[in-house]
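A, B, ... follow the sequence lines: proteins, then strands. Residue 1 opens every chain. As the structure is a computational prediction, the values presented were derived from the model and not from experiment.
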Protein chains: 2
Amino acid sequence: MSAFSPLDPLLHSQLRLAVMSLLIGLDEAEFTFLKGQTQSTAGNLSVQLDKLEKAGYIEVTKSFRGKRPLTTCKITQEGVSAFESYVENLKKYIE
Amino acid sequence: MSAFSPLDPLLHSQLRLAVMSLLIGLDEAEFTFLKGQTQSTAGNLSVQLDKLEKAGYIEVTKSFRGKRPLTTCKITQEGVSAFESYVENLKKYIE
DNA sequence: ATAAATAGGTTTATAATGTAAACCAATTTA
DNA sequence: TAAATTGGTTTACATTATAAACCTATTTAT
């Protein structure tokens, strides 16, 4: 009954989990905002966003604001589901 | 307020977390029991128990039952505290 | 006009981690 | 006495996380 379900390795990562946690509340967020909130380096964030995008958990849109590059992230429905499952599974470990 | 506190990397690992989760309820458990409950391989479990022991989160006692080796694990007070902090921190990510 | 600093990232190199496979010593069973 | 099982440990490998280095363009200072 209280077996330990496997934890999605893509979400069981501090930075990726923090990003997903933010996105699930905000729906959309900019790279620099995520960087600030998670206290991560740009390099690390860039890598982890790539992984989330390749997994289909987020969509990353590149555009410009004025003349500056602007990277915007949005969680997908698949991402929402994955996050919810992860949280459900995780609870068995910490209750 | 809802900043993301760092997650103790020793606990933010599926297998080690499962082990700690079991030990916090059971107080003491045998290697083979942990192996069965966590569905892990003996090699992986052995390595992860070492890490928890070196961190001071568990105590590992080696003895014999009859003629067979018997490895028993017990959570330490430090381990209990670490687990509780981890859970508190983690909640900020998943609420 | 040009140099230096800043913004907004990406790429790459390295270290740490997780895991399975191989191994070992002893015991039990065929 | 050979084969299988128990109860693990060690080692090798692949994956991951992270920081450092880098890149392109813009803005600011000289």
Residues in contact with DNA chain D, drawn from residues 46-63 of chain B - heavy-atom cutoff 4.0 Å: Ser46(B), Val47(B), Lys62(B)
In whole Å, I'd like the distance from the [atom1] atom of [X] to the [atom2] atom of [N].
X	N	atom1	atom2	result
Leu34(A)	dG8(C)	CG	P	13 Å
Leu11(A)	dT16(D)	CG	C1'	15 Å
Leu45(A)	dA7(C)	CG	P	16 Å
Glu30(A)	dG8(C)	CD	P	9 Å
Phe33(A)	dA7(C)	CZ	P	18 Å
Arg65(B)	dA26(C)	CZ	C1'	16 Å
Phe64(B)	dG8(D)	CZ	C1'	11 Å
Gln14(A)	dT18(D)	CD	C1'	12 Å

Test item: side-chain donor near acceptor, Ser5(B) and Lys92(B), under 3.5 Å: yes
Ser40(A) versus Lys35(A), side-chain donor and acceptor atoms under 3.5 Å: no
Sugar-phosphate, base or nothing in reach of Leu70(A), heavy atoms under 4.0 Å: sugar-phosphate
Touch class at under 4.0 angstrom, heavy-atom based, for Ser13(B) against every strand present: sugar-phosphate
Protein proximity profile, nucleotides 23-28 of chain D - base contact B, sugar-phosphate-only contact S, no contact -, cut-off 4.0 Å on heavy atoms: ---BS-
Point-to-point distance, once rounded to the nearest 0.5 Å, from OG1 of Thr72(A) to CD of Glu30(A): 5.5 Å
Distance test, side-chain N/O of Thr41(B) to OP1/OP2 of dA20(C), below 4.0 Å: yes
Going by heavy atoms in the side chains, are [X] and [Y] under 4.5 Å from each other?
X	Y	value
Tyr93(A)	Leu90(B)	no
Lys54(A)	Lys51(A)	no
Tyr86(A)	Leu7(A)	yes
Asn89(A)	Phe4(A)	no
Leu23(A)	Leu52(A)	no

Closest to side chain of Arg16(A), choosing from dG8(D), dT16(D), dG8(C): dT16(D)
Nearest listed nucleotide, side chain of Thr71(A), among dA17(D), dT9(D), dG9(C): dG9(C)
Ring geometry between His12(B) and His12(A) (parallel below 30°, tilted from 30 to 60°, perpendicular above 60°): parallel
